[in-house]
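I have placed the structure first, in the form of structure tokens, so that the comments after it can refer back to it.
Note that this is a predicted model, so its numbers are computed, not measured.
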Amino acid sequence: MEGGLRETAILHAPFFVTAPGETDILFTMVVWFVVLAVFGLGALYLSLHSLPERMAHHANHTQIQLISILTLLALFTHNNLFWLAALVIAVVQVPDFYSPIQSIADSVKAMARKKGWSSNSVTQAVTQEASKDV
């Protein structure tokens, strides 16, 4: 009677129960799933982390080095504020203030040269004006 009960239990066992000496198929499938999930989530995490840098490369951004440094800091320190700052800098185009000011300075120098002023006399005049204001 005991032998018949054992045989009946073996026949009605679920698919994931393996017989002694056979390969555990469910365990093998779960191991492969976990390994692929870890690599997949790691790739997703790293591609998400490099999003601001890829956006800056695509837009030919002027602050690409700052964005790259912020994304690396965010990656190594796990501080999301660095990543958010890099994303904001990559999205927002900062206006170029230096070029117009440089153009104005060049124009003023050209006007001074036309009037016969040398660069030393301009420097002295500016120094005298500054000392009068104080």
Side-chain angles (χ1 to χ4, degrees):
M1 175 94 173
E2 193 172 301
L5 183 60
R6 182 174 177 261
E7 295 299 323
T8 307
I10 290 174
L11 290 175
H12 292 301
F15 74 96
F16 55 83
V17 176
T18 58
E22 292 184 14
T23 304
D24 191 357
I25 295 187
L26 181 65
F27 176 73
T28 307
M29 290 188 316
V30 167
V31 166
W32 277 107
F33 175 76
V34 167
V35 167
L36 292 176
V38 165
F39 280 114
L41 288 174
L44 178 69
Y45 178 75
L46 291 176
S47 68
L48 183 64
H49 241 287
S50 67
L51 180 68
E53 194 170 358
R54 284 186 284 140
M55 288 173 59
H57 276 291
H58 180 69
N60 199 12
H61 207 281
T62 56
Q63 299 292 332
I64 195 158
Q65 290 178 345
L66 177 65
I67 294 169
S68 300
I69 289 170
L70 285 173
T71 54
L72 281 175
L73 280 173
L75 180 66
F76 291 137
T77 62
H78 301 291
N79 192 346
N80 294 335
L81 189 61
F82 291 134
W83 185 83
L84 186 63
L87 186 64
V88 167
I89 293 172
V91 169
V92 175
Q93 290 289 338
V94 179
D96 183 20
F97 294 116
Y98 181 71
S99 295
I101 292 174
Q102 186 65 38
S103 175
I104 291 169
D106 292 340
S107 299
V108 169
K109 283 181 187 177
M111 289 172 21
R113 270 189 237 117
K114 282 183 183 178
K115 290 191 175 189
W117 289 20
S118 67
S119 62
N120 290 336
S121 61
V122 171
T123 306
Q124 289 172 356
V126 168
T127 307
Q128 289 173 358
E129 287 296 321
S131 64
K132 286 180 186 176
D133 291 339
V134 174

Checklist entry - Can you list the steps and then say if Leu46 with Leu75 is a side-chain contact (heavy atoms from CB on, under 4.5 Å)? => result CA-CA 8 Å; Leu46 291 176; Leu75 180 66; 3.8 Å; yes
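The distance from atom CD1 of Ile25 to atom CZ of Phe16, rounded to the nearest 0.5 Å, is 13.5 Å. Here the straight-line distance linking atom NZ of Lys109 with atom NZ of Lys114 works out to 15.5 Å at 0.5 Å rounding. Atom CG of Asp106 is separated from atom CD1 of Ile101 by 12.0 Å, given to the nearest 0.5 angstrom. For the atom pair CD1 of Ile67 and CE of Met55, the computed distance is 8.5 Å after rounding to the nearest 0.5 Å.
Thr18 and Thr23 get closest at one heavy-atom pair: CG2-O, 3.6 Å. Shown here for Ser68 and Thr71, the closest heavy-atom pair between the two residues is O-OG1, 2.8 Å. Ser47 and Arg54 get closest at one heavy-atom pair: O-NH2, 2.6 Å. Here the closest heavy-atom approach between residue Trp83 and residue His49 is recorded as NE1-O, 3.3 Å. The nearest pair of heavy atoms linking Pro52 to Ala90 is O-CB, 3.6 Å.
Residues Leu73 and Ile89 share a single hydrophobic cluster, defined by chaining ILVMFWY side chains whose heavy atoms lie under 4.5 Å apart. Leu84 is not connected to Phe82 by any chain of hydrophobic side-chain contacts under 4.5 Å among Ile, Leu, Val, Met, Phe, Trp and Tyr, and they are in different clusters. Follow the hydrophobic side-chain contacts under 4.5 Å out from Val91 and you reach Leu51 in the same cluster. Clustering ILVMFWY residues whenever any of their side-chain heavy atoms sit less than 4.5 angstrom apart, transitively, puts Phe76 in a cluster other than the one holding Leu48. At a threshold of 4.5 Å between side-chain heavy atoms, the hydrophobic network of Ile, Leu, Val, Met, Phe, Trp and Tyr places Val92 and Ile64 in two separate groups.
Open room surrounds CZ on Phe27; 12 or fewer heavy atoms of other groups in view lie less than 6.0 Å from it.
A donor-acceptor pair is defined here as one N or O able to donate and one able to accept, closer than 3.5 Å; such a pair exists between the side chain of Ser107 and the backbone of Ser103.
Looking at Phe39 and Val35, their side chains come closer than 4.5 Å, going by heavy atoms from C-beta outward.
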